[in-house]
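Remember, it's 1-based here, ligands and their atoms both numbered in the order they're listed. We use all heavy atoms of the structure for the numbers below, so side chains are in, but hydrogens, waters and symmetry mates are not.
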Amino acid sequence: MNAFQYTALPARVIFGSGTLKQVREEMQALGCRRALILSDAHHAAGAAADLAAVLGPLAAGISTDAVMHTPVEITLRVMAKLDQLGIDCLIAVGGGSTIGLSKALALRTNLPQIVVPTTYAGSEATPILGQTENDVKTTLRSMDVLPEVIVYDVDLTIDLPVKISVTSGINAIAHAVEALYAKDANPVTSLLAEKGIEALGFALPRIAEDMRDHEARQQALLGAWMCGTCLGAVGMSLHHKLCHTLGGRFNLPHAETHAIVLPHAAAYNADAAPLAMERVARALGVDHAPSGLFDLARQLGAPTALKDIGMAEQDIEVAVEAALAAPYWNPAPVQRNRLRALLENAFFGNRP
Ligand code: NAD
């Protein structure tokens, strides 16, 4: 076995059905008395309103300002309203975009956060914040953005449309795939990664057949937590860096971009990380990890080509330059020609 170092992150996790109403207790356990609820258009009249009713005078209001890729201008706009609200904590009910806004506010205010994730993106379990400014998405790691409490309520995910379930689920799988070949991989995160891929590989096809399959919804949310925990604990490489470049530069939809790029990033690293690929393949029950990941996305109706989600062919070269501009560690060296080939394959949706 290889030597390793591992720092576990603090985590308080409530997992179950109907747990939204436990948020009040959690808030009080943190010693908090007034919360701003962050949510999105989908949950504003549903879960966020239900939570506001449960919290009563402990809720200062609901903000639905969050958008994808956490633009700094939106964060600053919400910040400007915080002083009048007299809040001492943030509660996010929604997907990665809502949680992103919560983290961006926590970074600037030190307010504690309770997050109630409703997609499978996994952001709730990480001390990572991606923010966009002037078309560039940058990420930072800080314990100031790690939520104090995660409340998983499976009931809130039952209506998550199949399309978003699949793409955000593959986004979570991407965290685990990169964790398996990370420079600082360790036995704990590798175990979580394999189990997380297995849970989502089992659940996503069942959700695609019947979005109200409760057991599959449970497994998917559990998988999302495991995969998010991996993302929070070890460094990411080619796949995540490329997706950030594509998302920030061309405003491509986050989860779809991950779903498209992942099989090609896995193929790029396959020879350099054979053991990681073996574990991904085993978790998915396939022979070849990159094509297995591609087939999973295609069978579940996720997009498989960047050209279909708003990227133009001439953007490939721009993306190659942008991706090479800030070097980082990757199992296989990041080379211009191979990177261009990867992006071309992802652009046209070629099966690896
Ligand atoms: P999202 O939060 O934008 O949600 C996608 C859509 O799903 C939205 O329209 C939302 O209203 C809807 N939705 C959410 N939950 C729903 C539900 N239960 N039922 C019906 N509709 C629902 O998308 P996402 O994929 O969850 O998150 C993407 C964002 O998260 C990106 O900005 C990305 O950078 C960030 N992210 C961050 C990390 C991290 O560790 N920092 C990890 C993963 C993703």
* May I ask you to establish whether Lys241 and Tyr328 are in a cation-pi arrangement, using a distance under 6.0 Å from NZ or CZ to the six-membered ring centre and at most 45° from the ring axis? => yes
* Asked: Just by distance, with hydrogens left out, do Thr64 and Asp40 show a side-chain donor and acceptor under 3.5 Å apart?
  -> no
* What atoms of ligand 1 come within less than 4.0 Å of a heavy atom belonging to Asp159? -> 19 (N), 20 (C)
* To do: Specify side chain, backbone, both or neither for Leu160, according to which of its non-hydrogen atoms lie closer than 4.0 Å to ligand 1.
  => both
* Asked: Can you tell me which residue and heavy atom of the protein come closest to atom 41 (N) of ligand 1, and the distance to 0.1 Å?
  -> Ile128 O, 2.9 Å
* Do the ring planes of His240 and His244 sit parallel (below 30°), tilted (30 to 60°) or perpendicular (above 60°)? -> perpendicular
* Asked: Which atoms of ligand 1 have any heavy atom of Met68 under 4.0 Å away?
  -> 3 (O), 32 (O)
* What part of Thr139 sits under 4.0 Å from ligand 1 if we count only heavy atoms: the side chain, the backbone, both or neither? -> neither
* Strictly under 4.0 Å, does any heavy atom of His244 approach an atom of ligand 1? -> no
* **Atom indices of ligand 1, in the order listed, that fall short of 4.0 Å to a heavy atom of Ser123** => 37 (C), 38 (C), 39 (C), 40 (O), 41 (N), 42 (C)
* Asked: Would you call Arg34 and Asp88 a salt bridge, taking side-chain N to carboxylate O under 4.0 Å as the test?
  -> no
* Asked: Going by heavy atoms, is Pro161 under 4.0 Å from ligand 1?
  -> yes
* Asked: Any side-chain donor-acceptor pair under 3.5 Å between Thr126 and Lys103?
  -> yes
